[in-house]
Every structure is written in structure tokens, then in C-alpha cells.
There are 2 protein chains.
Amino acid sequence: MPDYTQDTDARERFLRLHSALRERICLLDYPPGARLSEEVLAGEFGTSRTPLRRVLARLEDEGLVISRHGVGTLVTDVDIGEMARTYDLRRELAGLVGRLSPVPMTDAILTEARRFADRGRMLQTAPDAREFARMNMEYFHFGAALTTNEALRETSERLYYRTARIWLKSIPRMDLHAEVAIFLSELDQNLTAIENGDLMAAALIRQAHISMCFTRLAGG
Amino acid sequence: MPDYTQDTDARERFLRLHSALRERICLLDYPPGARLSEEVLAGEFGTSRTPLRRVLARLEDEGLVISRHGVGTLVTDVDIGEMARTYDLRRELAGLVGRLSPVPMTDAILTEARRFADRGRMLQTAPDAREFARMNMEYFHFGAALTTNEALRETSERLYYRTARIWLKSIPRMDLHAEVAIFLSELDQNLTAIENGDLMAAALIRQAHISMCFTRLAGG
DNA sequence: TCGGCTGTTGTTGTGCACAACATGGCCGTG
DNA sequence: CACGGCCATGTTGTGCACAACAACAGCCGA
């Protein structure tokens, strides 16, 4: 059976541009309301508008931007109510990672969990919102990779990137040091669960922290 | 606040074409492996390739087709293992509809549930696979509309259309009359729950039937 | 001074021509 | 006859020119 998911040049570029723009939006390099110029971006990435427009179309499907004829492609802002409901779903999905087709426990997982805990401690010595956000993103991917259920992974990712901005945007209004400390404790609890070989417990811990994270967001 | 979700001409056409092609794929008018010609489809819908390509790009993101340079745009086939995992997730999401931001009970919902039960009885008198599939599709949308959680609705829909084909494809290998009878009993049970004003029970019933549906698919 | 009109500018949407690519048939050669 | 190279054909991907559209500044008239 041929591999239909092969990375042709075009597909590779598409994924690269998509990933790059998504990260810029979620790290607030392009804050909500910012206008993305197709021509400028095409120039930056060395292509014409055509391939770039496909990337923007996907970002629009994902709810990160919206294109308006004659106006521009604007980074969306997020409604707090919709964000609350999205967090509700993210919380449930995080729990499902531990129950639906979990991956078997391996040393590689343990190593990675240890590395996250170590990096968390590094972060605590020099807290930085942007680095925090980036590490949170990597930690999310670590958690999503603990299920072999493709649909669950894909859905979790979609929703994560949809809420990531609200989280980073709220950091200035909150206590960065305290948030880093909470994140570090999550990484440590996660490591403990994984050291016990209990991936389901690890999923429950991530679930609990997603829940608490939004509680702090809404309250702050 | 302006309404950014306005239906401009281009967006309206996009949604129309997307919906049309998705339905053709899920009703097996375009069976797995079929080649969709951009030029032919563009001609049929009276546009150029450009807007149509955006529709195909979205269908590719949704996993319903795959475009290969120099070959064509092919309708995907589905792996049974991945389908099993997708059904796992669909089952869980169906239950969440009853717990996350359910809509308040209204007479309109009751009326619609009654109508589905009646239509189910009509279908039983003259079983037809295609009509069966179409009604199942409408019933799915009815169920998804019972939550106000946009992310949950959107995700459920995405996964539904990803599995709908496998279901219809298996119908010939199964007993159509028996399947219609089972579907009718689901509609009746759903109606009973809704008559009691218990939308959560209705969600649990739909959840149970999604679970049983895949069990029959895998066993048959 | 205010309101409306209009031209200008910049943006996204569309259509088209061509490039890049895969496939199958054909032909020549061993 | 088998096989390998080559070309013809049809497909998707790209770049570009222009259409459609929205916003804004400037101007004119009341």
C-alpha cells in the first residue's frame, strides 16, 4: 500500500508556513485585530500569494483569522464565553487521552517527562512569558502524543491552538512567578505519575490543571 | 460590534460547494478511490478552478479527499482501525452533548423528535439505504444542536462526516430491514427521553447507539 | 460648520496561462 | 518476447493580472 501521506514539496511548505503563522498568532506576535498582508507574507516566505492563501484559508477554518474582501485578513479575537466552553471540551478530551487507545509506557516517555520537569525548574530561575508559552506548547504536544487515537490528537490540537492565545494574553494580568510555579508543580506531578507507569493518572493530572487554569483565567 | 460571520457571496458559495461535495462523498456518489476533476467540478458549479480548489483543500483537511500532484484528487478510503478509534471518540462526544452546555428544553425540540420518530416509521414501510443515510445525517444534526458548545458541535460534525461513509458502505453487507428497525427504536427511545424533558438521557441513548452501531459494523 | 459625494488607495477574490509532475502507451533494442 | 527509454496526455500546483470591494481623505455645496 502506497503511503498517501507522503511529504511532497508543496505539502511540506504548506505545513511549514501553517505552523509558522499559527505560532506567531498564538505567541501574540500577531495580536488579535492585527492585519496580515498576503503580499507581504508571500514575499517573506518567498512564494506567491497562491500557496500562502491556502495557508490563510486553513487558519480561517481553524478560527484563528478571518478574511474580509477588500479589508484584509484579520487575526480574530476570542469571546470569553466561547473560550469557557472550549476549555470545557479540552478538559474532557485531556481525560480521554488516558482512556482511549493510550500508548504503552516506554523509557522514552519517562525521559521526556523528566526533561520537562528539569526545564520547568530552569524556567523558574528566569521566568519569561514567551518562553513559558513555548514550553507549554511543547508540553501539550507531549501529552497529546500519549494516545494513538488520531482523531483525539487532532481535535485536542485544534482546540489547544484556539485557546492558547487567551492564556498568554492573560499572563500580564496575573502573577507570572506564581503561574510558573503552578506549571512546574504540574510537570512534577506528571512526572510522578509517569514514574509509576500510570499514564492514566498523568492524563487526569493534565485534565485537572486545564480545569484549574481556566478557573484562574476567568477569575483574574 | 460588527458581525464578522456575515455571509458574503464568496463565503456563501464556498459553504454551498463544500456541503454539496461532502454529501456526495458521504452518500458514496463519489466512492473511495474516485477521482474528482477540478475542471469538471468547476464547470458544473459555474466557477473557475480557484474557488473550487479552496473547497477541495478543506475537504482534504477534513480527510475526505487527498490531492496528489500530477495524479488527481482522490476520495480517501478509511482504515478500519482508525475508524474504530474515531468511533470511540464520537461515542464520548455524544455523551458530552448532554453534559456540556446543553440547550434548554423547548417544544420545538419535542416536535422535532416526534417528527423523526414518524419519519422513521415511514422509512420502515419502504426501506431505502440512501434515504436511510440522509435521515441519519439529519438526525445527527438534530443531536448536535442540543448543545450550545460550538467546539463540541463542530468537532462532532467533523468526526461524523469522517465516519459516515463506512457506515453506508457496510449497509449492503448487513440486513437493511434490521438496521432500519434498530434506528427506529433509537428514534423512539430518544423521543421518550425528550418527552420526559431529559436531554441528558437522550444524549446517553445516542451515545449507546453509536457504540452499538460500530459493534455491528465491526462484527458484520 | 456639517454632511454627503467622489476619487484614491490598498486589500482580498477570481480567472487564466503555464509549470511541475505522474502515468500509461509506444517504440526500439537486446 | 522482454524490457527500458521516451513521448503524449491529463492532472494538480504556481504566478500573475485584473475584478470586486471597503475604507479613507479631500472637496464641494448647503
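For clarity, every value in this text was computed on a predicted model and none was experimentally measured. Every chain is numbered from 1 and lettered A, B, ... according to where its sequence line falls, protein lines coming before strand lines.
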Taking the side chain of A/His69 as its heavy atoms from C-beta onward, which of D/dT14, D/dA20, D/dT12 lies nearest to it?
D/dA20

Quick one: are B/Phe183 and B/Glu186 in side-chain contact, heavy atoms under 4.5 Å?
yes

Take the protein atom CG of A/Leu52 and the nucleotide atom C1' of C/dT12, then report the distance between them rounded to whole Å.
12 Å

For DNA chain C, whose closest nucleotide is more 5', that of A/Arg35 or that of B/Thr47?
A/Arg35

Does OP1 or OP2 of C/dG15 have a side-chain N or O of B/Ser48 closer than 4.0 Å?
yes

Roughly, in whole Å, what's the span from CG in B/Asp9 to P in C/dT12?
18 Å

Under 3.5 Å, is there any donor-acceptor pair linking the side chain of A/Arg13 to the base of D/dG13?
no

Integer-rounded Å distance: C/dG13 C1' and A/Glu60 CD
12 Å

Report the residue (A/Gly70 or A/Ala10) whose heavy-atom-nearest nucleotide on DNA chain D is the more 5′ of the two.
A/Ala10

Regarding B/Arg49, tell me which of base, sugar-phosphate or nothing describes its non-hydrogen contacts under 4.0 Å with the strands shown.
base

Would you check if B/Met137 and B/Tyr160 make a side-chain contact, meaning some heavy-atom pair closer than 4.5 Å?
yes

Taken to the nearest whole Å, CG/A/Leu74 to P/C/dG10 is 17 Å

What is the ring orientation for A/His141 with A/Tyr161, classed by angle as parallel under 30°, tilted 30 to 60°, or perpendicular over 60°?
tilted

Using the side-chain heavy atoms of B/Val71, tell me which of these nucleotides is nearest: C/dG13, C/dA22, C/dA20.
C/dA22

With A/Arg91 as the cation and A/Phe214 as the aromatic partner, state whether NZ or CZ is under 6.0 Å from the six-membered ring centre and within 45° of the axis.
no

When we call it a touch if two heavy atoms are under 4.0 Å apart, what does A/Leu36 touch: a base, just sugar-phosphate, or nothing?
sugar-phosphate

Does D/dT12 have OP1 or OP2 sitting under 4.0 Å from an N or O in the side chain of B/Thr73?
yes

Could you check how far CZ of A/Arg68 sits from P of D/dA22, rounded to whole Å?
9 Å

A/Glu38 atom CD is separated from C/dG13 atom C1', nearest whole Å, by 9 Å

Would you kindly give the CZ-to-C1' distance between A/Arg53 and C/dG15, to the nearest whole Å?
12 Å

Does A/Trp167 have its ring centroid less than 6.0 Å away from the ring centroid of A/Tyr87?
no

Send over the distance from A/Arg11 CZ to C/dA22 C1', rounded to a whole Å.
15 Å

